[in-house]
There are 2 protein chains.
Amino acid sequence: MFHDSAQLDLMFQALADPARRMMVERLSRGSASVSELAEPLDMSLSAVMQHLQLLETSGLVRSEKVGRVRTCRIEPKGLSMAESWISERRSTWERRLDRLGDFLAAQSKTNPKE
Amino acid sequence: MFHDSAQLDLMFQALADPARRMMVERLSRGSASVSELAEPLDMSLSAVMQHLQLLETSGLVRSEKVGRVRTCRIEPKGLSMAESWISERRSTWERRLDRLGDFLAAQSKTNPKE
DNA sequence: TCAATTGTAAAGTGGATGCTTAACTATTGC
DNA sequence: GCAATAGTTAAGCATCCACTTTACAATTGA
């Protein structure tokens with residue numbers, strides 16, 4: 001119910017980049033190494049690392065290194081935080097529009113010519 | 001189903017700022033003028049205008065001017081686009097985790113000691 | 001009519017973002 | 001051991017972003 005504003009900043013910021021969304025998309029289909037994440041992206045490994053770091057500090061992704069391979073996966077709680085902020089706003093204005101609709105319906109019943 | 005990447009960039013970018021989220025939050029409770037949007041925000045009207053412009057080009061908000069007052073409202077289709085991108089990703093990994101759970105359950109039935 | 005209100009436009013500024021390249025470390029397979 | 005693989009760190013750079021200030025325009029109410 002209570003949203004940490006700073007964390008929402010980071011999450012939406014993280015999702016605002018096509019490369020990072022691609023990475024999230026890839027990870028939603030299963031865990032992957034850094035180079036696997038980099039493979040479809042037209043940029044250096046170093047750049048991918050920087051995107052990954054942002055995804056981690058935003059809480060959308062976590063990773064751990066075993067041997068020389070770092071394996072990344074989705075952090076389930078992450079996306080739901082962003083999603084729920086949006087859906088709470090949406091339900092607020094949907095309820096409001098409903099009440100407005102009711103009001104207008106009632107109006108036209110009482111004063112059909114107005 | 002098909003997401004315009006550039007528009008998603010703009011939407012998530014728009015939501016990545018606390019001032020703009022406040023504006024969306026305010027508008028989800030009903031339409032408002034530019035100065036009403038500005039009132040709780042600790043910045044110049046000019047700055048609020050610039051945030052508003054971003055919200056408009058991202059498709060989250062629309063506005064129209066009557067007399068000297070510009071009235072702003074939520075664009076219903078806007079938020080749902082961002083929301084649905086997230087929820088599609090979520091359902092992908094949720095399905096995957098389900099399958100993984102099934103697999104592990106089957107494993108432990110066949111090889112209870114492994 | 002004229003002053004207050006409401007909004008716009010333009011230019012400037014400091015700091016964040018999204019890369020790059022280069023140099024380096026740790027692990028693995030032969 | 002040693003070359004290839006996988007990742008990490010740091011520095012640098014162009015561009016974008018979130019404001020500000022200043023000046024201006026249109027509308028309204030007394």
Side-chain angles (χ1 to χ4, degrees), chain A residues 4-27 30-74 82, chain B residues 5-27 30-75 82:
Chain A
D4 176 353
S5 179
Q7 182 136 8
L8 281 172
D9 286 7
L10 290 172
M11 289 199 168
F12 285 126
Q13 185 66 48
L15 293 174
D17 184 279
R20 286 191 296 260
R21 279 202 307 280
M22 268 218 154
M23 292 167 75
V24 169
E25 205 150 359
R26 171 63 187 80
L27 291 176
S31 59
S33 70
V34 177
S35 358
E36 280 167 350
L37 288 179
E39 193 269 327
L41 300 173
D42 188 23
M43 66 182 68
S44 70
L45 231 204
S46 201
V48 174
M49 283 290 299
Q50 291 167 59
H51 283 303
L52 176 61
Q53 237 174 335
L54 219 158
L55 286 169
E56 294 210 52
T57 58
S58 77
L60 290 170
V61 166
R62 78 196 143 82
S63 74
E64 69 181 320
K65 197 169 176 175
V66 170
R68 65 185 165 181
V69 175
R70 175 172 296 278
T71 301
C72 312
R73 37 187 104 254
I74 289 280
Chain B
S5 179
Q7 181 134 9
L8 281 173
D9 287 6
L10 290 173
M11 290 198 168
F12 285 125
Q13 185 65 48
L15 293 174
D17 184 279
R20 286 191 296 262
R21 279 201 308 277
M22 269 220 152
M23 293 167 74
V24 168
E25 205 150 359
R26 169 63 187 80
L27 292 175
S31 59
S33 70
V34 177
S35 357
E36 282 169 349
L37 288 180
E39 194 270 328
L41 299 173
D42 187 25
M43 65 182 68
S44 70
L45 232 203
S46 204
V48 174
M49 282 291 300
Q50 289 168 58
H51 283 304
L52 177 61
Q53 239 174 335
L54 219 158
L55 286 169
E56 294 210 52
T57 57
S58 78
L60 290 170
V61 167
R62 81 196 140 82
S63 74
E64 68 181 321
K65 196 170 179 176
V66 170
R68 65 185 164 180
V69 175
R70 175 171 297 279
T71 300
C72 311
R73 38 186 102 257
I74 289 278
E75 180 59 67

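The sequence lines fix the lettering, A, B, ..., with proteins before strands; numbering per chain opens at 1. Side chains are part of it too, since the values below use all heavy atoms of this structure and drop only hydrogens, waters and symmetry mates.
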Let me know, please, whether B:R70 or A:L45 comes out on the 5' side of the other along DNA chain C by nearest nucleotide.
B:R70

In whole angstrom, what separates B:D9's CG from C:dT17's C1'?
13 Å

Rounded distance in Å - CD (A:E36) to C1' (D:dA6)
12 Å

Where each residue is assigned the nucleotide of DNA chain D containing its nearest heavy atom, which of A:Q50 and B:K65 is assigned the position nearer the 5′ end?
A:Q50

Output the rounded distance in Å from CG (B:L52) to P (C:dG7).
10 Å

When you measure from the side chain of B:L54, which nucleotide among D:dA18, D:dG7, C:dG18 comes out closest?
D:dA18

Closest approach to the side chain of B:M49, judged atom by atom: which nucleotide of D:dA18, C:dT21, C:dG7 is it?
C:dG7

Heavy atoms only, 4.0 Å cut-off, all strands: where does A:S33 land among base, sugar-phosphate and nothing?
sugar-phosphate

Could you please spell out the steps behind the side-chain hydrogen bond (donor to acceptor under 3.5 Å, both in side chains) verdict for A:S58 and A:Q13?
CA-CA 8 Å; A:S58 77; A:Q13 185 66 48; over 6 Å; no

Between C:dT17 (P) and A:R20 (CZ): distance, integer Å
9 Å

Please report, rounded to the nearest Å, how far the P atom of D:dG7 is from the NE2 atom of A:H51.
16 Å

Looking only at atom types and distance, does a side-chain atom of B:R21 sit under 3.5 Å from a main-chain N or O of A:S5, one as donor and one as acceptor?
yes

Scanning both residues in full, the closest heavy-atom pair of B:S31 with B:R73 reads CB-NH1, 3.4 Å

Starting from P on D:dG7, measure out to CD on A:E56 and report it in whole angstrom.
13 Å

Presence of A:S44 side-chain N/O under 4.0 Å of C:dT20 phosphate oxygens OP1/OP2:
yes

Between A:Q13 and B:V34, which is nearer to the 5' end of DNA chain C once each is assigned its nearest nucleotide?
B:V34

Nearest-neighbour nucleotide for the A:D17 side chain, C:dT8, C:dG18, C:dT20 considered
C:dG18

Only one of A:R20, A:Q53, A:M43 passes side-chain contact (heavy atoms from CB on, under 4.5 Å) with A:V48, and that residue is A:M43

On a plain distance test, is the side chain of B:R68 in donor-acceptor contact with the base of D:dT27 below 3.5 Å?
yes

Pair of N/O donor and acceptor under 3.5 Å linking D:dT21 base with B:S46 side chain
yes

Provide, to the nearest angstrom, the distance between the CE atom belonging to A:M22 and the C1' atom belonging to C:dG18.
17 Å

Please state how far atom CD in B:E39 lies from atom P in C:dT5, giving the value in whole angstrom units.
15 Å

From the list B:L15, B:L54, B:L27, B:I74, side-chain contact (heavy atoms from CB on, under 4.5 Å) partner of B:L60 resolves to B:L15

Looking only at the side chain of A:M43 (C-beta and beyond, no hydrogens), which of the listed nucleotides C:dC19, D:dC19, D:dT21 gets closest?
C:dC19

